[in-house]
S.K.: 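Have a look at the structure that comes next, please.
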2 protein chains.
Amino acid sequence: MNLKNALFEKINFNEDELKVILGSFEKESIIKGEHIIKTGKTCDKLYYIKEGIFRSYYINESGKDITQWFFNDGKFMTSIESFYQQKPSLYNIQALEDAVVYSINRKKLDTLFNTYPKAERFGRLLAIEMLIKVSNKLNAIQFQKAKERYEYMITEFPNIYYRVPLGYIASYLGMTQETLSRIRKK
Amino acid sequence: MNLKNALFEKINFNEDELKVILGSFEKESIIKGEHIIKTGKTCDKLYYIKEGIFRSYYINESGKDITQWFFNDGKFMTSIESFYQQKPSLYNIQALEDAVVYSINRKKLDTLFNTYPKAERFGRLLAIEMLIKVSNKLNAIQFQKAKERYEYMITEFPNIYYRVPLGYIASYLGMTQETLSRIRKK
DNA sequence: ATTATTTTTTGATTTATATCAAAGGATTGC
DNA sequence: GCAATCCTTTGATATAAATCAAAAAATAAT
């Protein structure tokens, strides 16, 4: 899906609005393995993924790499609390495949929010959509057995689960890669 | 905190705006144990809690009562995906103490959103705030031991953890009440 | 192609927490 | 004030998943 359709899906922007909004984004190419934001830095951009897969992750106190979320094409992505509250990011975000994205910085986005109430609404709907997804993951993680968590993964990310390293999925689901490997065998 | 200050905390509404917005809310009293929304019903109201504590919960496939979230005074509360997407609620929300709330229905809120871009912005900031909190819980639940999860609870809900039944906290944290009881002993 | 590196699988053992069961405490209602 | 609920604690046992270790498979580099 392209950015225009992604915007249109939630809000009926008119042609003029679309022109300005689309014009505020810049195209970027990112190669596999590259980071768009690192822990400790303040994230200044919101991204729309045209092609590719990304993950957010952090290294915990015991040195383990923990994947927090996957972002695939057609979705918006940022280090939320860093971008919106302009404070250091707790997460790294890394491309898992060569990717093409459209980005907008905080300043330009604020201008859009101030100029077009519809843009503000789009932002609100996007936040709510993400909130519901995170809640769903929480429910899956909180009370389900390892096998059911993997089933949740397949439902939530049907286009991703077979494309990214098993270890990343395991930590995303709150289990070790050995456990996930054993589950997959069945 | 009162509703006016809660609004003012995020957005500099002017006097006229505040008057209309505050006038759109209705005061309600709810007694301990009562439900403001039940599973399967569509939630039509957003609440501001002036006094009291609430919890959202559901009964899972094996019949267990699982607390999903706690809401205390000074916070906004609703069954998010039900209220915003107008579909049946997955959760019940119940008062754990006698409570006083201010409520606004979806229709009136939409009018406010359409009339005052600042209200829309308030809605966006509220959604983001909640999103960050849910993410924090997810990180606590996903990779921490039972003891650390209880410490997260104390940090996130310093005014609640000693006021609600231990069983509710246990399921909120993804553990059994026996485990939580043993942790508390220390 | 061959080596080097990364990722996944498999096995043996340990551990945190769930489950089952029952006894104590604390509240609520009459 | 006593009975009836409800909530919390304690103990014994079971279990899902973590940990540790190493082999096998897949991918990338020379």
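Within every chain, numbering begins at 1; the chains are lettered A, B, ... in the order of the sequence lines, protein sequences first and strands thereafter. Values reported hereafter were calculated over all heavy atoms of this structure, with side chains retained and with hydrogens, waters and symmetry mates removed.
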S.K.: Kindly write out the residues that satisfy side-chain contact (heavy atoms from CB on, under 4.5 Å) with B:Asn60, not counting sequence neighbours, or none if the list is empty.
M.R.: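 B:Asn60 satisfies side-chain contact (heavy atoms from CB on, under 4.5 Å) with B:Tyr58, B:Ser62, B:Lys64, B:Ile66 only.
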
S.K.: Between B:Arg124 and A:Tyr84, do the side chains contain a donor N or O and an acceptor N or O under 3.5 Å apart?
M.R.: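 Short answer, no.
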
S.K.: Name the nucleic acid region contacted by B:Gly174, choosing base, sugar-phosphate or nothing; use a 4.0 angstrom heavy-atom cut-off, strictly under.
M.R.: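 Sugar-phosphate contact only.
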
S.K.: Nearest whole angstrom, please: distance from the C1' of C:dT17 to the CD1 of B:Ile183.
M.R.: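 Spelled out: CD1 on B:Ile183 to C1' on C:dT17 is 9 Å.
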
S.K.: If the condition is salt bridge (Lys or Arg N to Asp or Glu O under 4.0 Å), which residues does A:Lys10 pass it with, not counting sequence neighbours?
M.R.: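 Once residues adjacent in sequence are excluded, the partners of A:Lys10 under the salt bridge (Lys or Arg N to Asp or Glu O under 4.0 Å) criterion are A:Glu129.
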
S.K.: Note down the inter-axis angle between the two ends of the helix from C:dA1-D:dT30 to C:dC30-D:dG1, five pairs each, to the nearest 10°.
M.R.: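 The angle, to the nearest 10 degrees, is 50°.
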
S.K.: What contact category does B:Lys64 fall into here, base, sugar-phosphate, or nothing, at under 4.0 angstrom with non-hydrogen atoms?
M.R.: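 Sugar-phosphate only.
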
S.K.: With a cut-off of under 6.0 Å to the ring centre and 45° to the axis, is B:Lys137 in cation-pi contact with B:Tyr172?
M.R.: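 Checked: cation-pi criterion met.
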
S.K.: Atom CE of A:Met175 and atom P of C:dT17: how far apart are they, to the nearest Å?
M.R.: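 Going from A:Met175 (CE) to C:dT17 (P), I get 17 Å.
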
S.K.: Would you mind reading off the distance between B:Ile141 atom CD1 and C:dA16 atom C1', rounded to a whole angstrom?
M.R.: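 Checked: the CD1 to C1' distance equals 15 Å.
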
S.K.: Hey, which of B:Leu46, B:Ile36, B:Asn72 is the one that makes side-chain contact (heavy atoms from CB on, under 4.5 Å) with B:Met77?
M.R.: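 So the option named by the test is B:Ile36.
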
S.K.: When you measure from the side-chain N and O atoms of A:Thr176 to the phosphate of D:dA18, is any distance below 4.0 Å, counting only OP1 and OP2?
M.R.: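 Checking D:dA18 against A:Thr176, a side-chain N or O does come within under 4.0 Å of OP1 or OP2.
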
S.K.: Rounding to an integer number of Å, can you tell me how far A:Glu97 CD sits from D:dT27 C1'?
M.R.: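 Going from CD in A:Glu97 over to C1' in D:dT27 covers 15 Å.
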
S.K.: Quick one: A:Ile66 CD1 to D:dA18 P, roughly how many Å, whole number?
M.R.: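 To the nearest whole Å, that distance equals 11 Å.
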
S.K.: Rounded to the Å, how far apart are A:Leu96 CG and D:dT27 P?
M.R.: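 Whole-Å distance recorded here is 16 Å.
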
S.K.: Tell me yes or no: between the side chains of A:Gln68 and A:Tyr91, is some donor less than 3.5 Å from an acceptor?
M.R.: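 Indeed, the side chains of A:Gln68 and A:Tyr91 share at least one donor-acceptor pair under 3.5 Å.
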
S.K.: Let me know the distance between NZ of B:Lys145 and C1' of C:dA18, rounded to the nearest Å.
M.R.: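 It works out to 16 Å between those atoms.
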
S.K.: Among residues at least two apart in sequence or on other chains, which ones pass side-chain contact (heavy atoms from CB on, under 4.5 Å) with B:Arg182?
M.R.: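 Scan of B:Arg182 (side-chain contact (heavy atoms from CB on, under 4.5 Å), adjacent residues dropped) gives B:Glu178.
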
S.K.: Has the side chain of B:Ser135 got a donor or acceptor atom that lies under 3.5 Å from a matching backbone atom of B:Leu131?
M.R.: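 Here the side-chain-to-backbone pair exists.
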
S.K.: What N/O pairs connect the protein and nucleotides 4-14 of chain C at under 3.5 Å? Give each pair on its own line.
M.R.:
unit_1 : atom_1 : unit_2   : atom_2 : d
C:dT8  : OP1    : A:Leu166 : N      : 2.9
C:dT8  : OP2    : A:Leu166 : N      : 3.0
C:dT8  : OP2    : A:Gly167 : N      : 3.4
C:dT9  : OP2    : A:Ser181 : OG     : 2.8
C:dT9  : O5'    : A:Ser181 : OG     : 3.1
C:dT10 : OP2    : A:Lys185 : NZ     : 3.4
C:dG11 : N7     : A:Arg182 : NH1    : 3.0
C:dG11 : O6     : A:Arg182 : NH2    : 3.4

S.K.: Between atom CD1 in B:Ile169 and atom C1' in D:dT8, what is the gap in whole Å?
M.R.: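 Interatomic distance, CD1 of B:Ile169 to C1' of D:dT8: 12 Å.
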
S.K.: Output all residues satisfying salt bridge (Lys or Arg N to Asp or Glu O under 4.0 Å) with A:Lys45, sequence neighbours left out; order by chain, then residue number.
M.R.: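 Here the qualifying residues are A:Glu28.
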
